[in-house]
Asker: 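Below is the structure I would like to discuss, written out as structure tokens.
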Amino acid sequence: MEFDVPDMSCGGCANAIKRAVTSLDPAATLEVDVPVKIVKVTSTLAAGQLIEAIEAAGFHPSPRG
Ligand SMILES: [Cu+2]
């Protein structure tokens, strides 16, 4: 699953998002591209759960595609 996260601006943001998702699903893997503000997540969680976790960390993701 891929999300646009327009308010992600640095490595600190990327780490906060990684922590938020892996605290919910320790098996999740994330590919975070800060310059283009895209987060790719491989997880068994539903998109809605991933969005909630990322929002709880203070960001505003929207699904891509
Ligand atoms: Cu940041």
Side-chain angles (χ1 to χ4, degrees):
M1 277 171 283
E2 289 189 24
F3 302 93
D4 284 311
V5 188
D7 43 6
M8 173 175 72
S9 56
C10 71
C13 301
N15 285 334
I17 290 169
K18 285 179 186 172
R19 270 199 307 275
V21 172
T22 55
S23 70
L24 209 57
D25 175 8
T29 57
L30 287 87
E31 240 181 273
V32 181
D33 194 330
V34 175
V36 294
K37 304 180 189 303
I38 292 173
V39 177
K40 293 184 191 178
V41 185
T42 304
S43 168
T44 55
L45 296 172
Q49 291 176 291
L50 293 170
I51 288 172
E52 277 178 26
I54 296 170
E55 284 179 343
F59 300 94
H60 298 86
S62 58
R64 284 174 63 83

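Note that ligands are numbered from 1 as they come in the structure, with each ligand's atoms numbered from 1 the same way.
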Asker: Heavy atoms, side chains only, cut-off 4.5 Å: are Cys13 and Val34 in contact?
Answerer: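 No; the side chains remain at least 4.5 Å from each other.
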Asker: Any chance you could measure Thr29, atom OG1, to Lys18, atom NZ, to the nearest 0.5 Å?
Answerer: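 It is 10.5 Å, given to the nearest 0.5 Å.
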Asker: Take Leu30 and Thr22 through the test side chain to side chain contact (heavy atoms under 4.5 Å, CB included) and record every step on the way to the result.
Answerer: CA-CA 9 Å; Leu30 287 87; Thr22 55; 4.0 Å; yes
Asker: Give, for atom CG of Leu50 and atom CZ of Phe3, the distance between the pair rounded to the nearest 0.5 Å.
Answerer: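 Between Leu50 CG and Phe3 CZ, I get 4.5 Å after rounding to 0.5 Å.
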Asker: Scan the side chains in residues 35-44 for donor-acceptor partners under 3.5 Å anywhere in the protein, sequence neighbours excluded, and list what turns up.
Answerer:
residue, atom, partner, partner atom, Å
Lys37, NZ, Met8, O, 2.9
Ser43, OG, Asp25, OD2, 2.7
Ser43, OG, Leu45, N, 2.9

Asker: Nearest 0.5 angstrom please: Asp7 CG to Phe59 CZ, how far?
Answerer: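 Asp7 CG to Phe59 CZ: 6.5 Å, rounded to 0.5 Å.
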Asker: Could you pull out the N/O/S protein atoms under 2.8 Å of the Cu ion (ligand 1), ignoring any water?
Answerer: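 You should have found Cys10 SG, Cys13 SG.
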